[in-house]
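Take a look at the structure below.
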Amino acid sequence: AQTKGDPALQGGVDYANANGFYAGAWGSTIKWIKDAAPATGFTGEAKSPVELDLYAGYKFEAAGLAYDVGYLRYEYIGNTYKDIGFVNANTDEAYGAVTAGPATLKYSYAFSDLFGAPNSRGSDYWDLSATFDLGNGYSLVPHVGRQSVKNASGYSYNDIALTLNKDLGNGLSASVAAITTNGNSANFKSSYTSNYDTSKSTLVVGVKYSF
């Protein structure tokens with residue numbers, strides 16, 4: 001959805017220490033900032049072709065549960081989102097997660113404005129997911145989430161996804177995900193010059209190589 005339905009090129013690198021601390025970076029091509037419709041009274045075009053996520057955290061186990069706490073920075077390289085009537089799209093979030101068996105519940109809290117939405121500091125996201133090993137390299141990941149946008153409830157939404165993964169061996173894997181949301185279609189369409197609806201149901205196919 002962040003590339004108007006077109007393919008995205010993504011990559012990442014992670015470091016994990018045996019003591020539980022980790023850090024990493026992940027990047028993706030995007031089009032949503034360039035496609036953003038200017039706010040009322042503003043003209044022009046915002047720019048930023050790449051999202052770079054920088055994160056660090058700590059994982060540990062206690063009482064039979066696995067925990068994960070960390071901080072995530074969404075950096076939209078050279079973004080000029082504020083030039084069309086919004087605020088800088090860069091976003092800072094803290095998160096915490098607990099895993100019991102196959103299920104993980106994660107909570108994220110924005111310490112900055114959320115993805116360029118003015119006065120949205122304090123927005124949060126709940127993520128409940130599970131991973132089921134189906135055997136023969138297949139795994140199934142159901143997910144449900146709730147994004148609340150502070151001071152902009154019309155852009156809050158629930159999302160549901162079901163992802164099937166296949167380990168192809170030698171670091172190669174493939175996935176297919178069915179995703180739907182209850183986002184307000186009119187609001188999301190009007191947010192982009194192309195009238196693209198980022199809240200619509202979709203199917204996403206991916207191929208990943210890890211080394």
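Numbering of residues begins at 1 and proceeds along the displayed sequence.
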Check whether Leu128 and Trp126 end up in the same hydrophobic cluster, where Ile, Leu, Val, Met, Phe, Trp and Tyr are linked by side-chain heavy atoms less than 4.5 Å apart.
-> yes
May I ask you to check if Lys59 and Tyr67 form a cation-pi contact, with NZ or CZ under 6.0 angstrom from the six-membered ring centre and within 45° of the axis?
-> no
How are the rings of Phe115 and Trp32 set relative to one another: parallel (under 30°), tilted (30 to 60°) or perpendicular (over 60°)?
-> perpendicular
Lys189/Asp197 salt bridge by N-O under 4.0 Å criterion = no
Heavy-atom check, side chain of Tyr107 versus side chain of Asp124, under 4.5 Å = yes
So, does Ser173 use its side chain to make a donor-acceptor pair with the main chain of Lys166 at under 3.5 Å?
-> no
Does the side chain of Ser139 come under 3.5 Å of the side chain of Asp133 through a donor N or O and an acceptor N or O?
-> no
Verify the cluster assignment for Leu164 and Val205: are they in a single hydrophobic cluster under the rule of side-chain heavy atoms below 4.5 Å apart?
-> yes
Do Ile84 and Tyr196 share a hydrophobic cluster, counting only Ile, Leu, Val, Met, Phe, Trp and Tyr and linking them when any side-chain heavy atoms are less than 4.5 Å apart?
-> no
Identify the heavy atoms of Ala161 and Ile179 that sit nearest to each other, and give their distance.
-> CB-CG1, 4.0 Å
Candidate pair Tyr138 and Asp167, rule side-chain hydrogen bond (donor to acceptor under 3.5 Å, both in side chains), full reasoning | CA-CA 6 Å; Tyr138 287 96; Asp167 185 351; over 6 Å; no
Using distance alone, with no hydrogens and no angle criterion, decide if Tyr76 and Asn88 have a side-chain donor and acceptor under 3.5 Å apart.
-> no
Decide if the gap between the ring center of Tyr155 and the ring center of Phe188 is smaller than 6.0 angstrom.
-> yes
Close side-chain approach of Asp92 and Tyr71, heavy atoms under 4.5 Å = yes
Side-chain ion pair, Asp53 and Arg73, N-O less than 4.0 Å = no
Determine yes or no for a side-chain-to-main-chain donor-acceptor pair under 3.5 angstrom, with Ser148 supplying the side chain and Ser156 the backbone.
-> no
By ring pair (Phe, Tyr, Trp, His ring centres under 6.0 Å) - contacts of Tyr157 (at least two apart) = none
Check: Gly78 main-chain N/O paired with Ser48 side-chain donor or acceptor under 3.5 Å | no
Looking only at heavy atoms, what is the nearest atom pair of Val149 and Ser120, with distance?
-> CG1-CB, 4.3 Å
Side-chain H-bond candidate by donor/acceptor type, Thr193 with Asp35, under 3.5 Å | yes
Full working for side chain to side chain contact (heavy atoms under 4.5 Å, CB included) between Lys31 and Lys4 | CA-CA 7 Å; Lys31 294 181 179 178; Lys4 296 190 292 185; 4.1 Å; yes
Are Leu114 and Tyr109 connected in a single hydrophobic cluster, I mean Ile/Leu/Val/Met/Phe/Trp/Tyr linked by side-chain heavy atoms less than 4.5 Å apart?
-> no
Could you label the plane-to-plane angle of the Phe60 and Tyr58 rings as parallel, tilted or perpendicular, counting under 30° as parallel and over 60° as perpendicular?
-> parallel
Side-chain heavy atoms of Glu93 within contact of Phe111, under 4.5 Å | no
Asn151 side-chain N/O to Asn119 backbone N/O, donor-acceptor pair under 3.5 Å = yes
From CG (Leu105) to CG (Leu65), nearest 0.5 Å | 11.5 Å
Minimal non-hydrogen separation, Asp113 against Pro118, with atom names | OD1-C, 4.0 Å
Would Val87 and Tyr81 satisfy side chain to side chain contact (heavy atoms under 4.5 Å, CB included), going step by step from the backbone distance to the final call?
-> CA-CA 6 Å; Val87 296; Tyr81 203 51; 6.0 Å; no
Does Thr43 reach the side chain of Pro38, with side-chain heavy atoms less than 4.5 Å apart?
-> no
Heavy-atom pair of closest approach, residues Phe86 and Ala37 | CE1-O, 3.5 Å
Can you tell me how far the CG atom of Asn170 sits from the OG atom of Ser210, to the nearest 0.5 Å?
-> 11.5 Å
So do the side chains of Leu162 and Val141 get within less than 4.5 Å of each other, counting heavy atoms only?
-> no
Test log, rule side chain to side chain contact (heavy atoms under 4.5 Å, CB included), inputs Asn79 and Asn90 | CA-CA 8 Å; Asn79 86 84; Asn90 296 340; 3.2 Å; yes
Indicate yes or no for a side-chain donor-acceptor contact from Thr3 to the backbone of Asp6 under 3.5 Å, with no hydrogens or angles considered.
-> yes
For the residue pair Gly154 and Asn187, what are the closest heavy atoms and their distance?
-> O-ND2, 3.0 Å
Within a reach of under 6.0 Å around CG of Asn17, are more than 12 heavy atoms found that belong to other residues, nucleotides or ligands?
-> yes
Nearest-0.5 Å distance that lies between atom OG in Ser185 and atom NZ in Lys200 | 9.5 Å
Tyr125 and Trp26: same hydrophobic cluster, using ILVMFWY side-chain contacts below 4.5 Å?
-> no
Ile30 versus Glu51, closest heavy-atom pair with distance | CG2-CB, 4.0 Å
Taking the side chain as C-beta and beyond, is there a heavy-atom pair between Leu52 and Tyr74 under 4.5 Å?
-> no
Run the side chain to side chain contact (heavy atoms under 4.5 Å, CB included) check on Tyr15 and Phe21 step by step: do they pass?
-> CA-CA 9 Å; Tyr15 167 77; Phe21 286 98; over 6 Å; no
Under 4.5 Å between any side-chain heavy atoms of Val207 and Leu172, yes or no?
-> yes
